[in-house]
Amino acid sequence: MSSSTILLPGQPLPSSLTAPPLPACGSGCYESNGRILASIVGIPRRDGSVVSVIGREESGNTPDVGSVVSRLTPQQAHLTLTTSNDRPLPETSEEFQGVIRISDIRLTERDKIKMGECFRLGDLVKAKVLSLGDARSYYLSTAANELGVMYAVSEAGNPLLPVSYQEMEDELTGTREKRKVAKPEGI
């Protein structure tokens, strides 16, 4: 059985992926009586000492990207993409570019959104890829609670900490600045 074979729940993973020492079980699989079995329909994979089964939902999702705001206009923010699904993008001669349109910042109150109150130059933003835009950039969205500004620096040059979904506070001076803040993970 090759690693590109589709497994059904309960089927053992190929011996080529589970060769001793027995790897740890990742998502989509479990251990039973010393054997690793698929728990979902999908393709088996081994990444170092962890095996997993990648299902249709996981393989077809649009990636979450980390990006840095490089230019702002009243209607859109231009970003340089730095990571995809928490992995650094390869260094190439051309940077990967993304655009967040004003209509893709939040799901609610779209008519009240002001780009300068959501992002500033240099902000580190977590976004989801909507689609391939033109030949030079991807269309991105921050229209979910877990998406938005992850890290920012105040006008005074100090790190900002999230206070609410639309404000961050300078940890030294206490001044607050508006941003479209990403909900911190684990909360």
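Here the structure is a predicted model, which means the values were calculated and not measured.
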request  = Using the test salt bridge (charged side-chain N to carboxylate O under 4.0 Å, His left out), find all partners of R120 that sit at least two apart in sequence or belong to another chain.
outcome  = E155, E177
ask   = Taking a hydrophobic cluster as the set of Ile, Leu, Val, Met, Phe, Trp and Tyr residues connected by side-chain heavy atoms closer than 4.5 Å, whether directly or through intermediates, do L37 and I43 fall within one such cluster?
value = no
request  = For the residue pair V50 and P23, establish whether any side-chain heavy-atom pair is separated by less than 4.5 Å.
outcome  = no
query = Residues in side chain to side chain donor-acceptor pair (under 3.5 Å) with S137, at least two apart?
reply = D134
task = Could you list all the side-chain hydrogen bond (donor to acceptor under 3.5 Å, both in side chains) pairs where at least one residue sits in residues 162-174, not counting sequence neighbours?
result = S154-D170, N158-D170, E167-R176, E169-R176, D170-T173, T173-T175
inquiry  = A side-chain contact here means heavy atoms from C-beta on lying under 4.5 Å apart; do P14 and P44 qualify?
reply    = yes
ask   = Should S70 and Q97 be marked as a side-chain contact (heavy atoms from CB on, under 4.5 Å) after you check the CA-CA gap, both sets of side-chain angles, and the distance that decides it?
value = CA-CA 9 Å; S70 57; Q97 299 292 317; 4.2 Å; yes
Sequence-distant partners of V181, side-chain contact (heavy atoms from CB on, under 4.5 Å), two or more places apart = P162, M168, R179
message = Using only atom types and a distance under 3.5 Å, with no angle test, would you say the side chain of S141 pairs donor to acceptor with the backbone of D104?
response = yes
key: Any V125 side-chain heavy atom under 4.5 Å of K180 side chain   = no
inquiry  = Once side-chain contact (heavy atoms from CB on, under 4.5 Å) is applied, do any residues pair with Y138, and if so which ones, sequence neighbours excluded?
reply    = L81, F96, V129, L132, L140
message = Set out, in order, the CA-CA distance, both residues' side-chain angles and the distance that settles side-chain contact (heavy atoms from CB on, under 4.5 Å) for L121 and V68, then state yes or no.
response = CA-CA 8 Å; L121 294 179; V68 177; over 6 Å; no
request  = Working to the nearest 0.5 Å, report the span between CD of Q76 and OH of Y139.
outcome  = 7.0 Å
task = Take L124 and V149, measure what side-chain contact (heavy atoms from CB on, under 4.5 Å) needs, and give me the verdict at the end.
result = CA-CA 6 Å; L124 181 61; V149 176; over 6 Å; no
Separation between CG of L13 and CZ of R35, rounded to the nearest 0.5 Å = 10.5 Å
Y30 to A38 - nearest heavy-atom pair and separation = CE2-O, 3.5 Å
query = For S67 and T82, which heavy atoms make the closest approach, and how far apart are they?
reply = N-OG1, 3.8 Å
task = Could you tell me the separation between the CZ atom of R71 and the OG1 atom of T80, rounded to the nearest 0.5 Å?
result = 10.0 Å
ask   = Are any of the side-chain heavy atoms of R106 and I113 separated by less than 4.5 Å?
value = yes
message = Could you report the tightest heavy-atom contact between H78 and V99, atom names first, then the distance?
response = ND1-CG2, 3.8 Å
remark   = d(I54 CD1, I40 CD1) to nearest 0.5 Å is 7.0 Å
query = Could you state the interatomic distance from CD1 (I100) to SG (C118), rounded to the nearest 0.5 Å?
reply = 9.5 Å
request  = Start with the C-alpha gap between K128 and L147, add the side-chain angles, then the distance that decides, and say whether side-chain contact (heavy atoms from CB on, under 4.5 Å) holds.
outcome  = CA-CA 8 Å; K128 183 153 301 271; L147 304 176; 3.8 Å; yes
message = Can you list everything that forms a side-chain contact (heavy atoms from CB on, under 4.5 Å) with T83? Sequence neighbours excluded, please.
response = none
key: Qualifying residues under salt bridge (charged side-chain N to carboxylate O under 4.0 Å, His left out), relative to E117, sequence neighbours excluded   = none
inquiry  = If I compare all heavy atoms of S52 with all of C29, which pair ends up nearest, and what's the gap?
reply    = CA-SG, 3.9 Å
key: Spacing of OG belonging to S39 relative to CG belonging to L8, to within rounding of 0.5 Å   = 12.0 Å
ask   = Hydrophobic clusters join Ile, Leu, Val, Met, Phe, Trp and Tyr when side-chain heavy atoms are under 4.5 Å apart, directly or via other members; which others share one with L172?
value = none
ask   = For V153, what residues pass the side-chain contact (heavy atoms from CB on, under 4.5 Å) criterion, not counting sequence neighbours?
value = Y151
Within-4.5 Å side-chain heavy-atom neighbours: C25 and E31 = yes
